[in-house]
Visitor: 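Below is one structure. I have some questions about it.
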Amino acid sequence: CTDDLNITPNDDDTLLGADLYEDEAAYERVIAGVYANLALTGTFGPESSNIEGIDAGTSQFGRVLLYLQTLTADQMIWSYENDPGTRELQRNIWTAQNPMILGMYSRTHLTISLANNFLRETTADKLDARSVSESVRADIVEYRAEARLLRALSYYYMMDLFGKANFGTEADAINTVLPVVERAELFQFIESELLDIESDLVDAGQNQYGRADKGVAYMILAKIYLNAEVYTGTPRYSDCLNYCQQLLNSGYVLASEYKNNFQADNNLNSANGEIIFPIISDGVTIQNYGPTTVMINGSVGSLEVNGAEVGVSEAAWGGAIRVRKEFAQLWEGGDFIDDDRNTIISADRPIGITDISDQSQGYIIQKYSNLSSDGVPGADQTFVDTDFPLFRLADVHLMYAEAHLRGGGGTISEAVNLVNDLRARANNPNTISAGELTLPFILDERSRELHWEAHRRQDLIRFGLFTGGNYNWAWKGNGSNGIAIPSHLNLFPIPNLSMSSNPNLTQNPGY
Amino acid sequence: QSTVTGTVTDKANAMPLPGVNVIIKGTARGTATDFDGKYSLEVNQGEIIVYSYVGYTPQEIEFTGQSNIDVAIEEDASQLEEVILIGYGTTTKKDATGSVDAVTSKDFTRGNIVTPENLLSGRVAGVTVNTSGAPGSGSEIKIRGGSSINASNNPLIVIDGLPITNDNVGGSRGVLASINPNDIDSFTVLKDASATAIYGSRASNGVIIIVTKKGRSEFSVDYDVQYTLGDIDEQIEVFSADEFRAQVIAQNLPNNFISQLGDANTDWQDEIFRKTVSVNHNVTVRGSLFNAIPARFSFGVTEQEGAILTSEFDRRNLSLSLNPTFFDNHLKVNLNTNLSYEDNRFGDSGQIGAALRYDPTQPVYDPSSPFGGFYQHRNGNTLLLGGSNPVAALLQTNNIGDSERFYGNINFDYKFHFLPEMKFVLNLGYDKTEGVSRNNSIYATNDPIKGNRSFSFQERTNQSLDGFLNYNKKFGTINTDLTAGYSYQRFTNEGHFTGNQRDPNSFGDTFADPDIVLIGFFGRANLTVAEKYLMTLTYRRDGTSRFSEDNRWGDFYAGAFAWKLSDEDFLKDSKTISNLKLRVGYGITGQQEIGERDLFLSRYQAGSNNSQYQFGNGVVSSLIPSEINPDLKWEETKTLEVGIDYGLFDEYVTGSLNVFQKDSEDLLFNAPVPDGSNFSNSIVQNIGNLRIQGLEFTLNTDVIRKEDFNLNFNFNATLLDREITELAFGQDVTTGGIAGGTGNFIQLFREGESPNSFYVFKQLRDTQGNYIEGAYVDLNGDNIINDEDRYLKENPDADVIFGFQTNLEYKGFDFSFNLRANIGNYVYNNVNSARAQFDLLRSDAVLGNIPTSVLDTNFQTTSDVILSDVYIENASFLKMDNITLGYTFKDLSKFIKSVRLWGGIQNVFTITEYSGLDPEVFNGIDNTIYPRPRNILIGANFKF
C-alpha cells in the first residue's frame, strides 16, 4: 500500500528520461532543445523561464547578450530605467547584483549543461544498449559535434564577458560543484574543441537552417583569434585572417539588400546566404522576448508611432530604445545620406539625451523589421518572425580587413574590396581607398554595418576604448556627456548568486 | 424495580443530547442516552439518578416512581470541559497537553460572513486571516506567521476528517469559497508540535479542524436571511479634472499633450466602483429520517455583488448529514455530503489601477467612438498608446467562472462488542471540484484580433482514507488512551484550455499534474496519572510522492507534559485560582508542500506550441530536460512550547499564556546551484533555517454571568518574531515583485533578518527636509550610487497582533463587536512609488492622471525614486471589523420557536497612519488592492 508513492508524470508533454530514448526521434528533439536555449527562455511560452533571478522574458540568451555587448556601449539607450539592471548597465555602474549579468552567466551555462546532457545520453555504450539504428547513429555523430560546438560557443561568450567560467563537460555528473577555468585555459579549450569537431560538422552553409555547421566553428575561431590579444596577451591575427578567408571561400554571399538581414523573412530571403548563424524567432512557434522582438518593438518612436512600418502594433513599446549621440554622429557629413544602413529618424528630435526617461530626446532607428521583404507583416504583432543574425558574412569582411591591418596577412586590395562590397551592397557610392582603410575607420565602419548586433563592447575593448577616458560617449560612467570608467569594467563581475553556489569561483578584480 | 424512560436535553437550546451518562448514584448500574437523547433504565424506589455529561453540570433526581423523567442539563462554564478535537480523537480543554484553541458556533465572529475562515477572524491568538475585498475571494490564513519560506505557509485544513488541498481551480474564487459557513459547527486550531504532530507531514503551519453540523432526531427548521449593502468609502486621491488641467499646464507639457485636455469631469474611480447589494439565505432542517436516522439538511444561497462593476459571486450549497447508530450504539456512522455550485463573474481588479490613471478630463462615453460607444484615446479609428477606458474594459469583458464541488466523508466508529474500551474508526473522504472558465470579451485595440473568446476546464480530486484503533482504559489511577492508525491521501489535477479562439495563432492544450500521494502511519499515547499529570507521546511516519524513494519517508514525533496544579492539594480549595495547568511540549513536524511534484525524477519537457524550435524551415518539438533534485527531503520544524492555562474566580477569568520557539530546518528553499551543473541556475533544495519566536496571551472574562444578563470580553495578543537564521551559502535572495519596471523587486531574504524585509535606497533630503530626487545616501562610501547602496528597512510582519471581542446579552438583546490591531507592520506603497511622479502626467502618447501624493514629494521621474525608502510606511492599524446588534423574540407561537432580528456594520473603521487605502495588504506590497467595502447588514433568523 506504499507503492502508490511511486508516481510518474501524467502530462503528455512531460517525458521520463528513462523512457524517452526508446523513440529514436528523441535525439533530434533533444538536440533541438539545446539549440532552443538560445531562443527560448522556457518551455511554456515567452513568459516562462528555466532560470531565476531575472525577469523571464529578459533572460533570453540573445537579449542579455545584446544588453551586455551593446547597451553598455555607445549605440543604444533604454528609456525604462526602472527595469532593474538597465540603469546600471547603460551607465556603466553595474554590480554583481545585476540581473542581466546573472542572466547572461546562467543562461549561457544552461546551454553548456544541456549540451553535456546530450553528450552523456549519446555515448556509444548507450546507443548500443538502446540498439539505435545506423541511420540515426549517423545523425547523432553530427548532433554530437553540434552539441560540442554550442558548448564552445557558450564558453567563448563566458571568456569574452567574464574571463572565466564554471567548467563542466559530459564527464561531470548533475549537481556537482564544478571547477572554474580562467580565460587562457578557456581559450585553449574552445580552440581545441572547434578543431577537433570540424570533421564531424556539416560543411559550411550546408546544414539545415537553425543548425550550426563548419561555418559557425570558423566564425568562432576567427573571433577568438581576432581578440586573442585581449584574452591571452598573444596576438593571433593571421589565424583570424585564415579563418576569415576560409569563410569567404565557403560559398556564403552577401544578401542582395542590407535590410534583408533584419526582416521577418530573413530565414528565406537573400539573407540566408549571408547569415552564418541565427537566433531564431517566430511569431507563432518560437515566441520570445529576444533581441529582435525587443529591438523592433522598442525602437518604435513615442512621437512617430511608427509600429506599422515595422510590422508590430502601432505604438509598440512607446520609445523604449533610442540611439546615443555618438552613434548618430557616425552618419553625419553627407557620405551616408543614401546609405541603406542609415535608418535614423531624427525629425523633431534633439540628437542628445539629457533625460533618459524622456523618449522624445535622441534619434531612433529602423534597422530591424517584422515586415518581410515583400512587405508582409509577421504572424504576430508583438513576437516577431525576424531572426537575430548572431554571425553574418559582413562581419567576416570587416574582420578580414581589420586582421590585415593588424598584421595578419592577406592583401590590402582584398581588404579594401571587402569593405567596399558592404558599401556597394548598401547602395553607398562613396567607396574607400586603401589609404582610407585605417583601424579607426574599421571601428566606425563596424558600428555602421553591425550596430545593434551585440558586437560593440567587444570591439571597443579590442580598440582600447571601452574603459578609461580616451573615448567618452553620452552617459558613459553615469555622466550625460560621458566620463572615464575604470579598466576593471572590461570584464563583468561574477554574479553574486553564481558565486554563492560555486565556492571555486572568485570575483573578478575591482568588484 | 421499575423502568424509567425519558429524554435528556440541553437546557440552552432544548436539543436532545446523545451520550449522556445516566447512572444510579453509588452503583455501577447505568446507561447512556441514544442519539435522540432518550434513555431507559431499571431503577429502585428512592435511588438517585445522576445525569452527567462532559462539559455540563451533573444533575441528580430521586426516583419516586415516575415512569418518565425528562431532564434538561446545563452547560457548565466553570468546568470548561468542552470537548475539543485533536486529530484522530478528542480530549477536553482541561486535559489537553498541547496548544489547542476551539471556537464553536456560539463564539463565531458575526457579520457578513461569506467564506468560513472569516468566522475565525481575530478570535484566536496567533491566527491571522487576511481576506481580499473581492466577493467570495480567498484569504491568507496563517498560524504563527507560517514556518516556511518557499514551501507552503498555509495551515492544514481538515473538514470532518478530510484534509483538503489549498489549491483552487480556475473558475472558483478560492478553495474555501465553496463552503457554506452556516454548515460549520466548530473550528479547532492546533498550534504547537505536540498538538499537530499526529498530522506529522503537513502540520508545521498548524492545523485547523473544521467540524460541520450534524443531524438530530428532534425536528427543527431554521431559516436565516441576510441583506448586505456595501459601499466603498475611500479612494486613492488622484487629481480632479480641474486640478489635472492645472497640473498639465503647470508642468509645461508639450503643446501636443496640452491640446489633448478635455472638458469633462470624470472621477474614474466613481465610475468603476458601485454600491452593492448582497443576499444570503439559509434553510436548515433537522430531524429523524424514517424515524431512525438523525439527519440534517441545509440549503444556502449567496448572491454577492463585488464593488467593481460586473464583479459577482453566486453560490448555492446543499448539505446533507446522516448520523445513524447501530448495534446498541456500538457502531456510529456519520455521513456528510456537500454540493456546492459557484457562479462567478470576475471583474478585472487591474482596472482599479487603470481608473487611477485615466485622464479625468475625458468622458466615459463618446457616441462617435468606433469602440462600442466608449471614449478611447484615439486618432480616428486608431487607438493611441496609453491605456484604455476602464469602464469599457469592465463592461466589454465577460469572464465567467463556474465551479461545482462535491465533498464529503463517511465515518464509521465501531466500539468492539467484546472489548468496549477498544474502538475502530474508519474515515473515507472525497473532494472533487470541477471548474469551468469562459471568457468572451472585446478589447479596444488596433490589432486585427479584437477580443478574446476562450474556454478552460479544470478538475481536482482529493481522496482520503484514514483508519485507526483506539484503546481507552483506566488502570487504577492511570488512564491510558492509545491510538494507532494509517492514513492515505491522493490528489489529482488535470484539465484543458482552448486559447483565444479568435486568434488563429493562439492554441489550446491539455494538462495533467503528477498525482500527489501521502501515506502515514501514526500512533499516540495519552497517559493521565491521578488526573493531575498528563503526558502525550505522538509518533508519525510519513511518506510523500514528492521525494525520491530514498528520501521520501520522514519520522515525526512529539512529547508533551501537563501538570494540573489546581488539582493539587495546595490549590484545590483556592478561591482565586479555579484552574491552573502548566504545559510543556516539544516536537518535530514536517513540510513537503512545494509547487514541484516530481522534482526528483529525470524528466524532459516538450515545449508548448509557442515554445518550439526550427530546423530547416520545419518546426521541431524540442525537448528540454527539467531541473532535477533527487536529494530533496523533508523540511522539519522543531517546536518547543511552554504554556499555562489558567482560570480565576470560579472561571470568571480564563485564558492561557504560551511561549514558543519554532526552528524550521532544511528549509525547502529555491536556492542557486552551480551554473552548468543542472538544468536551471536555481532549484528547490534543503537549505536554510528559519526561527520563529513568539508569545501568545489569551484572556476571557465573564464580567457578568447571569440568567438573562451576560457580558464577556475576549482579548488575545500575539508577539511574533521571524528571523532567517541561515540561507544557502549566506546568500541574499530577492523577492517581492512590484509594479513599475519589468522584473523589479523590493524585498529580500537575508540571514539574520526577518523574511521579506524591504530592500531600498536611503533617500537624501535637503536642509529644509525636502527630498532630493534621485539622490540616495552612499552607504558603502564608494562614491557610486548603485545596487550596493541598498539597505534593509523594516518588514511586512506585525510585531504584535491584538484581537478583542465583546458580547453582551441582556434579556432578548445581543450586542457584539470586535477589534483587531497590528503593530509594527510595514508596507511598501507601490501605488505611490510607481505612479506619483509628474513625468507620468504623460502616459505614452496621451495624458494620464497621478495620485495627489506627488505634491508631498514633488518627484518627477519614477525610475529615480521607485526604490526609495520614502515609500516604506508604517502600516500599524486598529480595525473594527464588525459590530452587530440583535434582538430575539422567543416562543412567538406554536410553530415559531424564536425569531432573531439583527443588524450590523462590517469594516466599521480603521485607524492608521498609513497613507494608502488600506494598511492590510498581502505580503506588504500595496499595489491598488481590491478595496474592502463598508457593509451594512440586516438579517433575521427564524427557528421553527
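We use all heavy atoms of the structure for the numbers below, so side chains are in, but hydrogens, waters and symmetry mates are not. None of these values were measured; they are calculated from a predicted model. Below, chain A is the first sequence line, B the second, and so on; all start at residue 1.
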Visitor: Checking heavy atoms, do the side chain of A:A316, its backbone, both or neither come under 4.5 Å from chain B?
Guide: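 It is the backbone, since no side chain atom gets that close.
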Visitor: Using a 3.5 Å distance criterion without hydrogens, assess whether the side chain of B:S622 forms a donor-acceptor pair with backbone atoms of A:A32.
Guide: no
Visitor: If you compare all heavy atoms of A:S500 against all heavy atoms of B:Q731, which two are closest, and at what distance to 0.1 Å?
Guide: CB-OE1, 3.2 Å
Visitor: Heavy atoms only: give me the nearest B:D598-A:P9 pair and the separation to one decimal.
Guide: OD2-CG, 4.2 Å
Visitor: Considering non-hydrogen atoms only, spot the tightest contact between B:I519 and A:L5 and give its length.
Guide: CD1-CG, 4.0 Å
Visitor: Could you go step by step and tell me if A:D83 and B:N744 meet the side-chain contact (heavy atoms from CB on, under 4.5 Å) rule?
Guide: CA-CA 6 Å; A:D83 291 349; B:N744 225 340; over 6 Å; no
Visitor: Let me know if A:E28 has heavy atoms under 4.5 Å from chain B in its side chain, its backbone, both or neither.
Guide: both
Visitor: Give, as side chain, backbone, both or neither, the part of B:I785 having an atom under 4.5 angstrom from any heavy atom of chain A.
Guide: backbone
Visitor: What part of A:L268 gets closer than 4.5 Å to chain B, counting heavy atoms only: side chain, backbone, both or neither?
Guide: side chain
Visitor: Among A:I51, A:T58, A:N175, which has the most heavy-atom pairs under 4.5 Å with chain B?
Guide: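 The option with the most such pairs is A:N175.
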Visitor: What is the distance from atom CG of B:L623 to atom CG of A:L114, rounded to the nearest 0.5 Å?
Guide: 11.5 Å
Visitor: Just give me the residue among A:S498, A:A96, A:S302 that pairs up with chain B most often, heavy atom to heavy atom, under 4.5 Å.
Guide: A:S498
Visitor: Give a yes or no answer on whether the side chain of A:N82 reaches the backbone of B:S863 with a donor-acceptor pair at less than 3.5 Å.
Guide: no
Visitor: State the CG-OG distance between B:D675 and A:S154, to the nearest 0.5 angstrom.
Guide: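 Rounded to the nearest 0.5 Å, the CG-OG separation comes out at 12.0 Å.
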Visitor: Under 4.5 Å heavy-atom distance to chain A, tell me which part of B:R546 shows up: side chain, backbone, both or neither.
Guide: neither
Visitor: Measure B:D503 against the heavy atoms of chain A and call it side chain, backbone, both or neither at under 4.5 Å.
Guide: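 B:D503 has no heavy atom closer than 4.5 Å to chain A.
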Visitor: Using a 4.5 angstrom heavy-atom cutoff, name the option from A:T95, A:N502, A:N288 with the most pairs to chain B.
Guide: A:T95
Visitor: Measure the spacing between CD of B:Q614 and CG of A:D387 and express it to the nearest 0.5 Å.
Guide: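 One gets 6.5 Å once the value is rounded to the nearest 0.5 Å.
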Visitor: For A:L15, does its backbone N or O pair with a side-chain atom of B:R603 as donor and acceptor, under 3.5 Å?
Guide: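 Side chain of B:R603 to backbone of A:L15, a donor-acceptor pair under 3.5 Å: no, none is there.
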Visitor: Sort A:F44 into side chain, backbone, both or neither according to what part of it lies under 4.5 angstrom from a heavy atom of chain B.
Guide: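 Contact with chain B: backbone and side chain both.
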Visitor: Using non-hydrogen atoms only, which part of A:I356 is less than 4.5 Å away from chain B: side chain, backbone, both, or neither?
Guide: neither
Visitor: Find the distance between CG (A:L110) and CD (B:E627) and round it off to the nearest 0.5 Å.
Guide: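 With rounding to 0.5 Å, CG (A:L110) is 10.0 Å from CD (B:E627).
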Visitor: Sort A:N504 into side chain, backbone, both or neither according to what part of it lies under 4.5 angstrom from a heavy atom of chain B.
Guide: neither
Visitor: Might you point out which heavy atoms bring A:N6 and B:R552 nearest each other, and give the distance in Å?
Guide: OD1-NH1, 2.8 Å
Visitor: Considering only heavy atoms, which portion of A:E314 lies under 4.5 Å from any heavy atom of chain B: side chain, backbone, both, or neither?
Guide: side chain
Visitor: Examine whether an atom of B:R490 lies under 4.5 Å from a heavy atom of chain A, and if so say whether it belongs to the side chain, the backbone or both; otherwise answer neither.
Guide: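 Only the side chain of B:R490 comes within 4.5 Å of chain A.
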Visitor: Take atom CG of A:D348 as the centre, draw a 6.0 Å sphere, and report whether it contains more than 12 heavy atoms from other residues, nucleotides or ligands.
Guide: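 Counting neighbours around CG of A:D348, 12 or fewer heavy atoms of other residues, nucleotides or ligands fall under 6.0 Å, so no.
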Visitor: With the side chain counted from C-beta on, respond yes when B:D732 and A:N496 share a heavy-atom pair under 4.5 Å apart, and no when they do not.
Guide: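 A side-chain contact is absent here, since even the closest heavy-atom pair is not under 4.5 Å.
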Visitor: Please state whether the side chain, the backbone, both or neither of B:T544 comes within less than 4.5 Å of a heavy atom of chain A.
Guide: backbone
Visitor: Taking atom OH of A:Y209 and atom CG of B:N617, what is their separation to the nearest 0.5 Å?
Guide: 8.0 Å
Visitor: Determine the sole option in A:I93, A:N478, A:N92 for which the side chain to side chain contact (heavy atoms under 4.5 Å, CB included) test with B:I784 is passed.
Guide: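 In the set A:I93, A:N478, A:N92, the residue that makes a side chain to side chain contact (heavy atoms under 4.5 Å, CB included) with B:I784 is A:I93.
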Visitor: Is the backbone N or O of B:S680 less than 3.5 Å from a side-chain atom of A:N50, with the two atoms forming a donor-acceptor pair by type?
Guide: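 Not a single qualifying donor-acceptor pair exists.
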Visitor: Donor-acceptor check, side chain of A:N10 to backbone of B:D513, threshold 3.5 angstrom: yes or no?
Guide: yes
Visitor: Name the option with the most non-hydrogen atom pairs under 4.5 Å to chain B; the candidates are A:I174, A:I112, A:N37.
Guide: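 Highest number of pairs under 4.5 Å: A:I174.
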Visitor: Parallel under 30°, tilted from 30 to 60°, perpendicular over 60°: which one fits the rings of B:Y613 and A:Y35?
Guide: parallel
Visitor: Measure B:E549 against the heavy atoms of chain A and call it side chain, backbone, both or neither at under 4.5 Å.
Guide: side chain
Visitor: Sort A:R87 into side chain, backbone, both or neither according to what part of it lies under 4.5 angstrom from a heavy atom of chain B.
Guide: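 Side chain of A:R87 only, per the 4.5 Å heavy-atom cut-off to chain B.
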Visitor: In terms of heavy-atom pairs under 4.5 Å with chain A, which of B:I866, B:V619, B:N670, B:T861 leads?
Guide: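 The residue among B:I866, B:V619, B:N670, B:T861 with the greatest pair count is B:N670.
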Visitor: At what distance, to the nearest 0.5 angstrom, does OH of B:Y488 lie from OG1 of A:T2?
Guide: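 B:Y488 OH to A:T2 OG1: 10.5 Å, rounded to 0.5 Å.
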Visitor: Ignoring hydrogens and angles, tell me if any N or O in the side chain of B:N681 forms a donor-acceptor pair with the backbone of A:E52 under 3.5 Å.
Guide: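 Yes: the side chain of B:N681 pairs with the backbone of A:E52.
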Visitor: Which bit of A:A379 comes within less than 4.5 Å of chain B, counting heavy atoms only: side chain, backbone, both or neither?
Guide: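 Contact with chain B: backbone and side chain both.
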Visitor: Would you mind telling me which of A:D11, A:N116, A:D172 has the largest number of heavy-atom pairs within less than 4.5 Å of chain B?
Guide: A:D11
Visitor: Spell out, as yes or no, whether a donor-acceptor pair under 3.5 Å connects the side chain of B:S611 to the backbone of A:G45.
Guide: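 Yes: the side chain of B:S611 pairs with the backbone of A:G45.
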Visitor: If you count heavy-atom pairs under 4.5 Å with chain A, which of B:G543, B:A671, B:S621, B:P625 comes out on top?
Guide: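 So the answer, after comparing B:G543, B:A671, B:S621, B:P625, is B:S621.
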Visitor: May I ask you to test the A:T14-B:Y604 pair for a side-chain heavy-atom distance under 4.5 Å?
Guide: no
Visitor: Give a yes or no answer on whether the side chain of B:N609 reaches the backbone of A:T285 with a donor-acceptor pair at less than 3.5 Å.
Guide: no
Visitor: Just give me the residue among A:A173, A:P84, A:P46, A:G33 that pairs up with chain B most often, heavy atom to heavy atom, under 4.5 Å.
Guide: A:P84
Visitor: Among B:D839, B:D864, B:T862, find the residue that satisfies the side chain to side chain contact (heavy atoms under 4.5 Å, CB included) test when tested with A:S357.
Guide: B:D839
Visitor: Return the option, out of B:P674, B:G730, B:S608, B:S682, with the maximum number of heavy-atom pairs under 4.5 Å with chain A.
Guide: B:P674
Visitor: Strictly less than 4.5 Å between heavy atoms, which residues of residues 734-743 of chain B line up against chain A? Please order them by number.
Guide: B:G740, B:G741, B:T742, B:G743
Visitor: Looking at chain A, which one of B:P514, B:S626, B:P504 has the largest number of heavy-atom pairs inside 4.5 Å, strictly under?
Guide: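 Top count of heavy-atom pairs under 4.5 Å with chain A: B:P514.
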Visitor: Would A:Q97 and B:D787 count as a side-chain hydrogen bond (donor to acceptor under 3.5 Å, both in side chains) here? Give the steps.
Guide: CA-CA 7 Å; A:Q97 295 185 36; B:D787 300 330; 5.6 Å; no
Visitor: Testing the basics here: between B:N786 and A:W94, what is the closest heavy-atom pair and its distance to 0.1 Å?
Guide: ND2-O, 4.3 Å
Visitor: Taking all atoms of both residues into account, what is the closest heavy-atom pair of A:S113 and B:S677, and its distance?
Guide: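 So the minimum-distance heavy-atom pair works out to OG-C, 4.2 Å.
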